[in-house]
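In what follows, chains carry the letters A, B, and so on, assigned in the order in which the sequence lines appear, proteins first and then strands, with residues in each chain numbered from 1.
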Number of protein chains: 2
Amino acid sequence: MANNPDRDRTGKTTGSGGARVSIKTVADAAGVSIATVSRVLNTPSIVAEGTADRVLQAVRDLGYRPNLFAKGLMTRKSRVLGVSLPEWSGDSYAELMRGADHRARELGYHLLVTTNSHQPAGEGLPPAFALDLIDGMIAMVTSRAAQDIDALLELNMPVVLLTSNADKVGDDTVELDNYVGAHQAAHHLADGTDANRCYFVGGPATNRDAIRRAAAFRDALLERGHSVRADQINHGAWSFQWGWEWAGKLLEAGQLAGSAVLAGNDEIAVAISHRARDAGLSVPGDVRVVGFDDARVCPFLDPPLSSVRVPNRRIGVEAVSLLIRRIESPEAEPTRVRVPTRLVIRESSQY
Amino acid sequence: MANNPDRDRTGKTTGSGGARVSIKTVADAAGVSIATVSRVLNTPSIVAEGTADRVLQAVRDLGYRPNLFAKGLMTRKSRVLGVSLPEWSGDSYAELMRGADHRARELGYHLLVTTNSHQPAGEGLPPAFALDLIDGMIAMVTSRAAQDIDALLELNMPVVLLTSNADKVGDDTVELDNYVGAHQAAHHLADGTDANRCYFVGGPATNRDAIRRAAAFRDALLERGHSVRADQINHGAWSFQWGWEWAGKLLEAGQLAGSAVLAGNDEIAVAISHRARDAGLSVPGDVRVVGFDDARVCPFLDPPLSSVRVPNRRIGVEAVSLLIRRIESPEAEPTRVRVPTRLVIRESSQY
DNA sequence: CTGAAAGCGCTTACAG
DNA sequence: CTGAAAGCGCTTACAG
């Protein structure tokens, strides 16, 4: 198939005659001024009905679409929202993006997405040049470094922060309430297993989510009158690898059998579960396991994995809703939406 | 925390004095014309070194960033690429986006992403208004409907198609070679199991990937001199649900034990594997299973799942590379990149 | 090598 | 209700 002959050197649309159809073309066709065409498209209530009809007809006939660059030059709006995530991975972000995308479309916006895994400092900050094209941004901040948040708020553009429940937040924030679900899970584990044999195996010690989940775990055990040993709270990575290693160490120490584990995510939980079975232990008979995220696969794992549900999709929806509200009503009340987590019990943690 | 006082009503940056810093501001500060500032930024080789230094200094001092709308109005380029996917889900797309995002950054572009799951007709087409902001688009087409591809090619903008190996493709295409991996897998299964007991359990019958994988499976068995029965090729959905149901039916018919299955993706494979174990059958002892996609979790499943590897990340990288080449060199040779798949054998299909 | 000027395609006071 | 005109912030021939 050859190149499309209608495709010019710039790759942009050309009219059938070759001339680009601009607001002027439409104005001429409708016998009005370009100001009127603009009004019909932007503030139709101000223009006479008959005139509007003629203009609209011309717009349709010519297939006119306003040039967004010219429009943006005047209005300083692009209807594009930036989304900055730590990295592309897994079901969680997919769900979040699905929610965000659907909501954005509903409101006539688009999403410009980028990851910031490459920039150790300045997490959450996309490359500068994109900033001038977007009306605002949604940034996930997982690091505990407060300056990352400060940098975002200093952008002087509408920003919605996605973060774990934390002290320091922005004007508009969607907070994942890690605490409640992790707290429930810890109690659930301690209900069936001696608190001394309960463990938390989470992600990096620098990650807000991991920290918060660990805190909830610790608090729950304390509430039951158990002092928590240092070795009961473990930080590593969000990976199978880490879960496998941790379980291996506990196994060598002869401590895996009879334990109950709250994992920082489902991958870690699966790894621990498999390491246990590999050693001839049964789950949940010998080792009880609860994951975090409640990935779609959880009910289908063997055994079905208990997990703390994170409503990722809702996070995406809320973030977009907040951001667009801020963009369209700059004076709106700063809002903090807290999204809950909750324990879903399946076979892997039964007792 | 109160609203940032530096944030004006449009949400855009204001200089410390309140005035927006434009090319004019820089020109005045450097004692040159705006034309010279523009040249320093775009075609530095044309301007005297001393002048350039002064301008650059002013740019830095003032924190000047060109207005992208004004720039786009002249150049008709935004350095934003559209990416249209069927839906947000799973590891595959995350990997693809990761590759695309990294490559785009390297070349100074951004990604505007959207899904088209909501528009049954016109798959691959994003809402019209975004088209005017992007320099080109990457569209995944999974339907077999040829008109979807036609619609994309008629956009009169650079388009890179992501599709399964198929007859109908666009000028620039990244083709996933489903055939080779599925073909390998079918032979691998038939090597250890009577071809009469080999099955393919794929996604929807309307999906290009599913169709192609089925074709490879059928061809492999035919090559071995076995005629393929209709019940050996099964189309359903890309879900656990479907795999579970299919395995259940085979189980009821007393045909699950002794079978070997190539699943259309890893979810389906896991479902079949679990259904078999649920019925007291062993994998791979009684039922051999191979998945498709080779998700990160495969080595950690129980048993580790054989799967056909799909280099999603590379698809993303190639797509962006092709698109940017087309944008920057409209006359470049139309190119078709074929990305291979290959079987990764693990325990689930051992014999 | 540099500047004055035209022009990209819109929006929006300002008059009428 | 509508038009003429200014202006948004750039790029790029055209002169010099």
Side-chain angles (χ1 to χ4, degrees), chain A residues 8-15 19-56 58-59 62-79 129 131-133, chain B residues 8-15 19-56 58-59 62-79 129 131-133:
Chain A
D8 70 13
R9 319 198 73 247
T10 66
K12 295 291 177 183
T13 305
T14 55
R20 209 160 261 116
V21 22
S22 76
I23 196 173
K24 184 78 178 86
T25 325
V26 176
D28 291 347
V32 297
S33 73
I34 61 168
T36 297
V37 175
S38 177
R39 290 189 191 105
V40 169
L41 263 24
N42 297 305
T43 49
S45 58
I46 326 218
V47 16
E49 205 170 315
T51 316
D53 288 345
R54 271 188 0 258
V55 170
L56 255 14
V59 165
L62 297 165
Y64 169 67
R65 290 189 318 233
N67 179 308
L68 297 183
F69 294 114
K71 189 161 189 165
L73 186 53
M74 290 305 297
T75 64
R76 315 205 152 254
K77 292 275 186 287
S78 63
R79 300 189 80 84
F129 76 85
L131 291 174
D132 304 298
L133 212 54
Chain B
D8 69 14
R9 320 197 74 249
T10 66
K12 295 291 177 181
T13 305
T14 55
R20 207 162 261 115
V21 22
S22 76
I23 197 171
K24 183 77 177 88
T25 325
V26 176
D28 290 348
V32 298
S33 72
I34 61 168
T36 296
V37 175
S38 177
R39 288 189 192 105
V40 169
L41 263 23
N42 297 305
T43 50
S45 59
I46 321 241
V47 19
E49 205 169 314
T51 316
D53 288 346
R54 270 183 7 255
V55 170
L56 255 14
V59 165
L62 298 165
Y64 169 67
R65 290 190 318 233
N67 179 307
L68 297 184
F69 294 114
K71 190 162 187 164
L73 186 54
M74 290 307 297
T75 63
R76 315 206 150 252
K77 291 275 186 287
S78 63
R79 299 188 81 84
F129 77 84
L131 293 174
D132 303 299
L133 212 55

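Heavy-atom minimum distance, A:Asn42 versus A:Lys71: OD1-NZ, 3.5 Å. In plain terms, the two heavy atoms of A:Asp132 and B:Arg65 that are nearest each other are OD1-NH2, 2.9 Å. Taking every heavy atom of both residues into account, B:Lys24 and B:Ile34 meet most closely at CA-CG2, 3.8 Å. Nearest approach of B:Tyr64 to B:Leu41, heavy atoms of both residues: CE2-CD2, 3.6 Å.
If you measure from atom CD1 of B:Ile34 to atom C1' of D:dG7, you get 13 Å, rounded to the nearest angstrom. Between A:Met74 atom CE and D:dG7 atom P there is a gap of 11 Å when expressed in whole angstrom units. Regarding B:Arg79, its CZ atom lies at a distance of 17 Å from the P atom of D:dC10, rounded to whole Å. If you measure from atom CZ of B:Phe69 to atom C1' of D:dG7, you get 17 Å, rounded to the nearest angstrom. When rounded to the nearest whole Å, the span between CZ of A:Arg76 and P of D:dG7 equals 15 Å. In this structure, A:Arg65 places its CZ atom 15 Å from C1' of C:dG9, rounding to the nearest Å. Rounding to whole angstrom units, CD1 of residue B:Ile46 and C1' of C:dG3 are separated by 15 Å. At whole-Å resolution of the value, CG in A:Leu41 and P in C:dG9 are 16 Å apart.
Residues A:Tyr64 and B:Ala52 each lie close to DNA chain C; by heavy-atom proximity, the contact nearer the 5' end of the strand is made by B:Ala52. Each of A:Pro66 and B:Gly31 was assigned the nucleotide of DNA chain C with the nearest heavy atom; the assignment lying further toward the 5' end belongs to B:Gly31.
Rounded to a whole angstrom, the distance from the C1' atom of C:dT12 to that of C:dG16 is 16 Å.
Contacts of A:Ala35 with the nucleic acid, taken as non-hydrogen atoms under 4.0 Å apart, include base atoms. Within 4.0 Å (heavy atoms only), A:Ser38 reaches at least one base atom of the nucleic acid.
Taking every side-chain heavy atom of A:Arg39 into account, D:dG3 is the closest of D:dG3, C:dG3, C:dC1. Among D:dG3, D:dC14, C:dC10, the nucleotide with an atom closest to any side-chain atom of A:Lys71 is C:dC10.
Neither OP1 nor OP2 of D:dA4 sits under 4.0 Å from any side-chain N or O of A:Ser33. In this model, the phosphate group of D:dC1 is not approached by any side-chain N or O of A:Thr51 to a distance below 4.0 Å at OP1 or OP2. Using a 4.0 Å cut-off, no side-chain N or O of B:Asn67 falls inside it from OP1 or OP2 of D:dC8.
Just one of A:Leu56, A:Thr51, A:Val26 meets the side chain to side chain contact (heavy atoms under 4.5 Å, CB included) condition when paired with A:Val37; it is A:Val26.
In this structure C:dA13 sits in no base pair that meets the Watson-Crick or G-U test at under 3.5 Å. D:dA4 makes up no base pair with any nucleotide shown, lacking Watson-Crick or G-U wobble contacts both under 3.5 Å.
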